[in-house]
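Let me begin by presenting the structure, written as structure tokens, before commenting on it.
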Amino acid sequence: MLGLPKGEVFLTPWTQEWEREFLLEKEKIQKEIGDNIVEIHHIGSTAVKKLSAKPIIDIAVEINDFNEGENCVSSLEKIGYSYKGTNILPDRHYFSKGEPRTHQIHMYQSGNKYLHEQLKFRDYLRNSDEARIEYEQLKLKLSELHKSNKHKYAEDKTYFVKTILEKIQ
């Protein structure tokens with residue numbers, strides 16, 4: 001199942017479908033804006049096997065020059081993305097797809113600190129059952145507490161994420 005209605009927070013158990021969906025979407029993105037891309041990464045909780053997640057595929061598109069991101073807008077709109085600009089989240093162009101939202105693109109300049117952190121955190125969870133389970137328990141608790149406040153849900157995960165990043169730096 002994919003899709004998170006606006007204003008809702010809930011988690012679903014990990015499924016192989018998320019990996020297939022990422023690969024299909026990666027191919028579409030590559031076809032539309034391939035000349036601008038350094039790499040396309042599956043990030044976020046849907047990229048970690050056995051981790052429950054909000055049913056949205058998070059995609060990091062790495063580009064050489066941040067300013068190239070604006071040149072990608074019309075091509076990504078052709079495949080269903082809406083451009084939300086650069087002020088939603090720091091140091092990235094942000095795009096979302098679907099209502100309910102099924103995919104989001106975080107477009108970073110190569111070498112970006114936030115991209116680096118996303119990849120390190122994802123990889124740590126992929127390789128540490130203990131951390132993955134602890135993170136999942138936290139996410140389940142927070143999704144119950146903040147069923148209609150995605151900002152509070154995200155904010156309350158921050159301490160855990162920062163603790164892991166400090167540990168692995």
Side-chain angles (χ1 to χ4, degrees), residues 1-29 32 40-61 69 72-73 75-108 112 114-115 117-126 128-165:
M1 183 203 121
L2 265 187
L4 187 70
K6 193 169 260 173
E8 290 185 35
V9 176
F10 61 83
L11 305 181
T12 59
W14 185 86
T15 172
Q16 187 69 42
E17 174 193 345
W18 291 343
E19 182 62 27
R20 285 190 299 270
E21 189 61 40
F22 164 73
L23 292 171
L24 288 170
E25 205 64 20
K26 178 180 179 178
E27 192 176 305
K28 292 176 192 173
I29 294 165
E32 286 301 324
I40 300 175
H41 309 274
H42 190 182
I43 59 170
S45 294
T46 61
V48 179
K49 286 182 180 163
K50 301 181 184 175
L51 180 60
S52 294
K54 294 182 296 180
I56 301 170
I57 306 298
D58 280 293
I59 301 166
V61 175
C72 299
V73 172
S75 296
L76 290 172
E77 285 175 341
K78 285 186 213 169
I79 57 172
Y81 285 91
S82 297
Y83 183 55
K84 305 299 182 183
T86 57
N87 297 322
I88 302 290
L89 294 162
D91 289 350
R92 73 197 80 180
H93 295 276
Y94 177 71
F95 301 80
S96 66
K97 182 176 186 175
E99 189 50 56
R101 189 168 25 126
T102 57
H103 300 77
Q104 32 194 35
I105 291 175
H106 307 262
M107 187 176 285
Y108 301 95
N112 179 282
Y114 296 107
L115 171 60
E117 288 176 350
Q118 285 274 358
L119 297 174
K120 285 185 86 167
F121 185 69
R122 178 203 66 193
D123 292 347
Y124 187 79
L125 292 178
R126 283 178 170 175
S128 171
D129 287 341
E130 183 181 334
R132 177 185 45 79
I133 291 165
E134 186 180 352
Y135 188 51
E136 181 174 60
Q137 289 170 345
L138 173 65
K139 287 165 44 101
L140 289 166
K141 178 180 148 193
L142 294 176
S143 69
E144 285 298 314
L145 283 172
H146 307 300
K147 289 180 183 193
S148 57
N149 189 340
K150 69 178 183 179
H151 299 293
K152 187 73 173 132
Y153 167 81
E155 180 183 311
D156 286 358
K157 295 187 304 178
T158 301
Y159 178 76
F160 181 88
V161 174
K162 283 185 178 179
T163 302
I164 294 295
L165 289 172

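All values derive from a computational prediction rather than experimental measurement.
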How long is the span from the [atom1] atom in [X] to the [atom2] atom in [Y], to the nearest 0.5 Å?
X: Arg122; Y: His41; atom1: CZ; atom2: NE2; value: 7.5 Å
X: Asp123; Y: Ser128; atom1: CG; atom2: OG; value: 12.0 Å
X: Lys139; Y: Asp156; atom1: NZ; atom2: CG; value: 13.0 Å
X: Asn87; Y: Tyr94; atom1: CG; atom2: OH; value: 13.5 Å
X: Glu136; Y: Trp14; atom1: CD; atom2: CH2; value: 12.5 Å
X: His106; Y: Asp91; atom1: NE2; atom2: CG; value: 13.5 Å

*Could you give me the CA-CA distance, side-chain angles and deciding distance for Phe95 and Val73, then say whether side chain to side chain contact (heavy atoms under 4.5 Å, CB included) is met?*
CA-CA 9 Å; Phe95 301 80; Val73 172; 4.1 Å; yes
Any side-chain heavy atom of [X] sitting closer than 4.5 Å to one from [Y]?
X: Tyr81; Y: Glu25; answer: yes
X: Leu51; Y: Trp18; answer: no
X: Lys26; Y: Phe22; answer: yes
X: Ile57; Y: His42; answer: yes

Nearest atoms (heavy-atom pairs only) where [X] meets [Y]:
X: Lys150; Y: Val9; result: CA-CG2, 3.5 Å
X: Lys84; Y: Ser96; result: CE-OG, 3.1 Å
X: Ile105; Y: Val61; result: CG2-CG2, 3.7 Å
X: Thr102; Y: Gly3; result: CG2-CA, 3.9 Å
X: Tyr135; Y: Ser45; result: CE2-OG, 3.8 Å
X: Thr46; Y: Lys54; result: CG2-O, 3.7 Å

Is the number of heavy atoms from other residues, nucleotides or ligands within 6.0 Å of [atom1] ([X]) greater than 12?
X: Lys49; atom1: NZ; answer: no
X: Glu130; atom1: CD; answer: no
X: Glu77; atom1: CD; answer: yes

*Output all residues satisfying ring-ring contact (aromatic ring centres under 6.0 Å, His included) with His93, sequence neighbours left out; order by chain, then residue number.*
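For His93 the ring-ring contact (aromatic ring centres under 6.0 Å, His included) partners, ignoring immediate neighbours, are Phe66, Tyr83.
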*Take Leu76 and Met107 through the test side chain to side chain contact (heavy atoms under 4.5 Å, CB included) and record every step on the way to the result.*
CA-CA 12 Å; Leu76 290 172; Met107 187 176 285; 3.9 Å; yes
*Please work out which of the three classes, parallel, tilted or perpendicular, describes the rings of Phe121 and Phe160, given edges at 30° and 60°.*
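Plane angle over 60°, so perpendicular.
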*asked:* Under 4.0 Å between a side-chain nitrogen and a carboxylate oxygen: does that hold for Lys152 and Glu155?
replied: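 Judged by the 4.0 Å cut-off on N to carboxylate O distance, Lys152 and Glu155 do form a salt bridge.
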*Identify, with sequence neighbours excluded, every residue that meets side chain to side chain contact (heavy atoms under 4.5 Å, CB included) alongside Leu145.*
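Counting only residues at least two positions away or on another chain, Leu145 forms a side chain to side chain contact (heavy atoms under 4.5 Å, CB included) with Lys141, Leu142.
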*Kindly indicate, with the supporting measurements, whether the criterion side chain to side chain contact (heavy atoms under 4.5 Å, CB included) is fulfilled by His103 and Leu2.*
CA-CA 9 Å; His103 300 77; Leu2 265 187; 4.1 Å; yes
*Do any N or O atoms from the side chain of Ser143 and from the backbone of Leu140 form a donor-acceptor pair under 3.5 angstrom?*
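Here the side-chain-to-backbone pair exists.
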